[in-house]
Amino acid sequence: MSESRLLIVGLGLIGGSLAAALREAGFGGEIIACDPDASEIERGIEMGLIHSGGTKLSEQLPGASMIVLAVPVLAMESVMRELAGSLLDITQVVITDVGSTKATIRECARRVFGRVPPTLVLGHPIAGSEKSGVAAANPKLYVNHKVILTPEPDVDPTALTRVRKLWQTTGAEVLEMDVARHDEVLARTSHLPHLLAFSLVDTLARQDQRLDIFRYAAGGFRDFTRIAGSDPVMWRDIFIANRDAVLASLDDFEAGLKRLRTAVEAGDSDAMLATFDRASHARRYFESLLNKTSYQAEYLMQPQGQVTYRVRPGGQAQGRLRVPGDKSISHRSIMLGALAEGVTEVKGFLEGEDSLATLQAFREMGVAIEGPHQGRVTIHGVGMHGLKAPSGPLYVGNSGTAMRLFAGLLAGQAFDSELTGDASLTKRPMGRVADPLRAMGAVIDTAEGGRPPLKIHGGAALQGIDYDMPMASAQVKSCVLFAGMYANGETRVREPAPTRDHTERMLNGFGYPVSREGDTCWLAGGGRLTAGPIDVPSDISSATFFLVAAAITPGSDITLEHVGINPTRIGVINILTLMGADLTLSNQAEVGGEPVADIRIRYAPLKGIDIPVDQVPLAIDEFPALFIAAANAEGTTRLRGAEELRVKESDRIQAMADGLAVLGVEHTVVEDGIDIVGGGRDDAPSYGGGLIDSLGDHRIAMAFTIAALRASDEVVIDDCANVATSFPNFVELATRIGLALKVEGANV
């Protein structure tokens, strides 16, 4: 920062803290101040915050290169008039401010100067304290806090850069926003809470029992009302200056409060629970998004940020495990439970980030949901037509399953909706669901290339269709069937190859008839769903990593409990068996229409095979791990007909091929598959080690983690944070069976 002489007008908490932060950061220029209270200037000099100052603004202006107006909002206009009368050329000095209502201050500038001068950069640091005066100055006040600049379109770029650098020097994060949006956002997030806190404390303080009320108030009361200790004059000025935005936010709050009052009066427990649960989880959910951490971290404290797995070669593969619940069934249990009539109790729910995002989306559409608590979720269904319009886009994180299934459900709603996701999901094609939904009469807008966000226009009259899927996909089939529930007539879907049938099984389980004959399934629109208990089986996709770990490691013996063995999902079992794996099933049963079993697998030498094309759709998510099995088999394993792997969270064929190349595994990539030449020997490692880029794909990361069991050197895998999206306790279970796995770069 190169300012030679900085003038702070108003040496209170905000101005004094700015001076303190700049001095601590080694600011080399001169800092002077102007304040109507001479004792504040003296105190600022004594504290070493400013070099000099005085009470008359005109005397402090000469030589100033930048002026920071840190006076109350309603005093801004008089200070600007002094500046206009004392500065010969307003454009020769950069001016900024710290006021929390920008429209009022902009109008002051227009009245005084005739326009907003190009060198005036309006700003607002989002920081403060209940204390006031320069004595409360804190050099750390702005560290990791946001400063919002609201520059005019014709702002001087150099002035904007200098103001940005000023605040960055204090440790603040500098953002830009237009004036109207700033005032609206601050009215809701800062001004309204202060107004409510002042009102509550004043109301209680005027009651006869006020002494007991405050004597026995617990920490929650103190936390909520802490801001009522703020400067009353400052807040009076803010509420006057930002009156319209504050009143609009107060109207919204009063409407919500009225709904809650009605629920309390009527003893409507579902309505109360919906509000409380939605608020509780929304706070964690949106805070995690803003902090760019995982929503999952709020539940299981998973490592976040730039996560690296470092796995030493070798290790065991022994133990008895129960992996998390099936993600596909967890998603559908929430969706169908929300639309059912009655209460749905779910056990074994996968508390991964994708499933939690689905929970949050339904909360935002008015569904009361309790949990998750240790895999248990209680959903208070609202019926097929009971969802309410969300207040903004529905964020589904990294889940292609959630986005595609939601598209079918939302196409039949009366309200408009928008589906969005993380950076990875917004690159994935959604035309495969948008096209058949449009054929049914839905109105859907997508981004370029048929990618998210999906904007779905409500109120469309859907018609049932006969749809021949061009590519086998359970997500597309489910999307069309879900839309078919809201369509006139019958909806039929023909699949070119078998895909997982969780949707058909669960719809029938919820009392909504779905028929099947050969390769075609169908349902009629206008039915209803009836709530019932769901016990989610363990996810065979998650179990696969441990099945392969045991299959490739001499001396291994692993049992995986209560795993879902749906016939449309057992491709991995069939393929490993064909490769020679020693795999047995026991304790077979059916739970909620889904078959389950314990799977025991012990080491046996694997051999390369030509993977049957009819098994590919039954194991599409399991191929990253199966590629590692192939690298440890004797001979060549050939995969064809797997072009869908190209459009998963990453191009899984190429991503795995690149990783195999790092390890030194011979392979040949083709458009719809890969040939992998295994190095299967009991008495020696199958390949080397190296640095793998998982491309943020959880299955790539987990596949190369288990690969280290047969490596000759350390395997290091970058970009592993997304493992929490599908397998929250993968690291715990991997180390339990004997992998030498260390997690680095995690911010817990």
Side-chain angles (χ1 to χ4, degrees), residues 184-230 235-236 238-239 242-287 337-344 359-371 373 377-383 385-392 394 413-415 417 531:
E184 176 187 351
V185 168
L186 267 293
R188 295 173 185 274
T189 60
S190 175
H191 303 167
L192 178 63
H194 278 81
L195 189 74
L196 299 178
F198 281 124
S199 176
L200 176 61
V201 174
D202 177 59
T203 299
L204 296 178
R206 288 185 287 108
Q207 295 181 0
D208 291 341
Q209 302 89 2
R210 57 186 177 272
L211 187 59
D212 283 347
I213 289 172
F214 288 99
R215 176 183 293 143
Y216 299 115
F221 176 82
R222 291 192 295 273
D223 288 344
F224 177 69
T225 59
R226 173 184 57 81
I227 54 179
S230 301
W235 281 102
R236 177 207 62 188
I238 288 172
F239 293 137
N242 202 28
R243 181 189 62 187
D244 292 344
V246 169
L247 290 176
S249 64
L250 190 58
D251 287 342
D252 289 343
F253 175 79
E254 288 176 340
L257 191 62
K258 183 178 180 180
R259 289 193 297 270
L260 191 55
R261 180 189 179 97
T262 300
V264 173
E265 287 177 342
D268 188 341
S269 61
D270 280 4
M272 284 187 277
L273 181 64
T275 299
F276 301 155
D277 227 15
R278 187 165 58 243
S280 173
H281 289 272
R283 187 182 189 281
R284 292 198 292 264
Y285 182 61
F286 291 110
E287 190 169 283
L339 296 173
E341 297 173 15
V343 177
T344 296
L359 276 181
Q360 184 62 23
F362 276 103
R363 286 188 173 107
E364 292 179 37
M365 291 187 286
V367 180
I369 300 173
E370 300 175 59
H373 303 296
V377 179
T378 303
I379 309 154
H380 299 255
V382 297
H385 300 281
L387 296 180
K388 298 175 182 176
S391 58
L394 297 172
Q413 303 302 321
F415 51 80
S417 55

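Values below: all heavy atoms of this structure, side chains included; hydrogens, waters and symmetry mates excluded.
In this structure, Thr203 OG1 and Leu196 CG are separated by 10.5 Å, a value rounded to the nearest 0.5 Å. Between the OG1 atom in Thr275 and the CZ atom in Arg363 there is a gap of 12.0 Å [rounded to 0.5 Å]. Of the inter-residue distances, the one linking Leu394 atom CG with Gln360 atom CD reads 9.5 Å to the nearest 0.5 angstrom. Atom CE in Met272 sits 15.0 Å away from atom CZ in Arg259 (nearest 0.5 Å). Note that CG of Leu387 and CG of Leu339 are 5.0 Å apart. Values are rounded to the nearest 0.5 Å.
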Checking Phe239 against His191 for the side chain to side chain contact (heavy atoms under 4.5 Å, CB included) test, could you report, in this order, the C-alpha distance in whole Å, the side-chain angles of both residues, the deciding distance, and whether it holds?
CA-CA 7 Å; Phe239 293 137; His191 303 167; 4.0 Å; yes
Mind running side chain to side chain contact (heavy atoms under 4.5 Å, CB included) on Leu260 and Phe276 for me, showing each step along the way?
CA-CA 10 Å; Leu260 191 55; Phe276 301 155; 3.8 Å; yes
Between Val246 and Asp244, does the side chain to side chain contact (heavy atoms under 4.5 Å, CB included) criterion hold? Intermediate values first, please.
CA-CA 5 Å; Val246 169; Asp244 292 344; over 6 Å; no
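Nearest heavy atom pair, residue Phe415 against residue Met365, reads CZ-SD, 4.1 Å. Here the closest heavy-atom approach between residue Phe362 and residue Ala338 is recorded as CD2-CB, 3.5 Å. Across all non-hydrogen atoms, the minimal contact from Asn242 to Ala187 is ND2-CB, 3.7 Å. Summarising the geometry of Val382 relative to Gly366, their closest heavy-atom pair is CG1-O, 4.3 Å, with the distance given to 0.1 Å.
Annotation: side-chain contact (heavy atoms from CB on, under 4.5 Å) contacts of Val343 (sequence neighbours excluded): Glu345, Thr378, His380. Residues forming a salt bridge (Lys or Arg N to Asp or Glu O under 4.0 Å) with Arg261 (at least two apart in sequence, or on another chain): Glu265. Residues meeting the side-chain contact (heavy atoms from CB on, under 4.5 Å) test with Glu184, sequence neighbours left out: Arg181, Arg188.
In this structure the side chain of Asp268 never reaches within 4.5 angstrom of the side chain of Thr262, judged on heavy atoms.
The backbone N or O of Leu195 lies less than 3.5 Å from no partner atom in the side chain of Ser199, so there is not a single donor-acceptor pair. Judged by distance alone, the side chain of Thr344 and the main-chain N or O of Ala340 form no donor-acceptor pair under 3.5 Å. Remark: the backbone N or O of Leu186 is not paired with any side-chain donor or acceptor of Ser190 at under 3.5 angstrom.
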